[in-house]
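Here the structure comes first, spelled out in structure tokens, and everything after it is commentary.
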Protein chains: 2
Amino acid sequence: MKAFEELSTRQRNMLRFMYNYTRDRGFPPSIREIGEECDIGSTSVVNYNLNKLVDAGYLQRSGKVSRGLRIIRAIPGVSPARRILPGRGFQRVALVGRIAAGEPISLPDDIAHHIDDDDYIEVPPQLLRGFGETEVFALTVRGDSMIDSMIQDGDIVVLRRQNTADNGDMVAAWLPEDSETTLKHFYRETDAIRLQPANQSYEPIYVHPSNCEIKGRVLSVMRSYS
Amino acid sequence: MKAFEELSTRQRNMLRFMYNYTRDRGFPPSIREIGEECDIGSTSVVNYNLNKLVDAGYLQRSGKVSRGLRIIRAIPGVSPARRILPGRGFQRVALVGRIAAGEPISLPDDIAHHIDDDDYIEVPPQLLRGFGETEVFALTVRGDSMIDSMIQDGDIVVLRRQNTADNGDMVAAWLPEDSETTLKHFYRETDAIRLQPANQSYEPIYVHPSNCEIKGRVLSVMRSYS
DNA sequence: ATTATACACGAACATATGTTTGTGCGTCAA
DNA sequence: TTGACGCACAAACATATGTTCGTGTATAAT
């Protein structure tokens, strides 16, 4: 159970490479691929150091099977990023921008296209309500203008991309006439749309349907205190 | 992009096997292993159906590389369980109870002892601020009494167990004389403690230090809209 | 009947890949 | 010196594993 710093430079490089490779491709590298990347001429040297890493408690090996490697201990200097297997475990959600009262929400047309980018946040399953990675996105809230909806500066809101809403839904709405973006509970009245703050001590807003573009439904909010 | 139910029984079995195998061993199965498990006599049949799964949008294949498989779409009926790669990924946090204005926070003495229980919530790393599983716990907020601190009924607050606080910290405090629990920003003044709501439109509370037991520091809040 | 298509089988093939063996080069202790 | 040990290299070896080919059997469309 050696500490990471006690490993040789070569072994640290190998670990990092294996980690990144597995994260990016979904399966571990072969011995020869490790050698190539870490400038090791001979496969036996890779094999030798792999066994060292097993002894040090970082690796599991399955004998005789190709790519039979598994990193079983956290190593510094690597980013977790995307999951190897999809599922209702944790999901990465594209953090596509920010929301503030005075500016429209600008959404890239194709959220799925965002997949290759770096701006991601990991969201626990309870907060996703069953929706998939591609239909969900996240925004950072800027300013205190959403305070009547119990959302403050720095909060991250997770939304599902949709243009309609049911009564009672919390939605992100763009009000063209007011040049306002807001997060409110949606209620369709006979002649207007009522946007109801989450905090009872604030008054609802009434807008004409033509002055209310729904951008998405709010699924959840995450806040971190510094 | 076929739905899971449109796949043949054989293909569904293959997907599930690949998923479980990868989850349990850390790397994908070989073609022959898939065939053996799914009662397929010929490797070419496995190969054929793997390509079908690629067409259906469930799988990625890396040509010529052994075990070059990656499941890229969630499939029903499998449990995520352990992560393939270790890391500062998600952590389970004990959900030890609830907090409401009228009742004290009751914390089990040993949070670590709670580990075997079922009441857990998974928290993304950003919200833990580097603290470990044993020093952190979570509470469900009941009632609207924390509304001045931008926290509403149903919210889950993650706290670090501690009895002191620095100025500006958001803390969970039990006020014995008032029989009140509250979440506020903590400020030590010359003669009293000021408990400042997060929402500027509410007034601070001043209490005597003897009437303020700090239970923990609030690290983050999670909210899910139904 | 004919063609096309989806799916399945077995066998042969090519090679990607883990394993082993022999050797050499340092450092350190006896 | 000597020997042990950790680490590295190259080459040969054995096999695990992806790929391809020829064939067969249904079912549906023409």
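As a basis for the values below, the full set of heavy atoms in this structure was taken, side chains included, without hydrogen atoms, waters or symmetry mates. Just so it is clear: chains get the letters A, B, ... in the order the sequence lines come, proteins before strands, and each one is counted from 1.
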Pair Tyr187(A), Gln196(A): side-chain N/O donor-acceptor within cut-off below 3.5 Å: no
NZ/NE/NH1/NH2 to OD/OE distance under 4.0 Å, Arg12(B) and Glu5(B): no
OP1 or OP2 of dT17(D) under 4.0 Å from side-chain N/O of Ser66(A): yes
Side-chain N,O (Asn47(A)) to OP1/OP2 (dG18(C)) below 4.0 Å: no
Side-chain atoms of residues 164-171 of chain B: list all donor-acceptor pairs with protein atoms under 3.5 Å, sequence neighbours left out, distances to 0.1 Å.
| residue | atom | partner | partner atom | Å |
| --- | --- | --- | --- | --- |
| Asn167(B) | OD1 | Arg188(B) | N | 2.7 |
| Asp169(B) | OD2 | Asp166(B) | N | 3.0 |

Salt-bridge present (Lys184(A), Asp148(A); N to O < 4.0 Å): yes
Any residue meeting side-chain hydrogen bond (donor to acceptor under 3.5 Å, both in side chains) with Arg160(B), in chain and number order, not counting sequence neighbours: Glu135(B), Gln162(B)
Phosphate contact (dA8(D) OP1 or OP2) by Asn49(A) side-chain N/O below 4.0 Å: yes
Rounded distance in Å - CD1 (Ile31(B)) to P (dT17(D)): 10 Å
Arg10(A) vs dC9(D): side-chain N/O to OP1/OP2 distance below 4.0 Å: yes
Phosphate OP1/OP2 of dT17(D) contacted by Arg61(B) side-chain N/O (<4.0 Å): no
Phosphate-side-chain proximity, Arg32(B) and dG10(C), N/O vs OP1/OP2 below 4.0 Å: no
For DNA chain C, the residues among residues 34-44 of chain B that have a non-hydrogen atom under 4.0 Å from it: Ile40(B), Gly41(B), Ser42(B), Thr43(B), Ser44(B)
cation_pi(Arg73(A), Tyr58(A)) dist<6.0 Å, angle<=45: yes
Phosphate OP1/OP2 of dT19(D): any Asn51(B) side-chain N/O under 4.0 Å: no
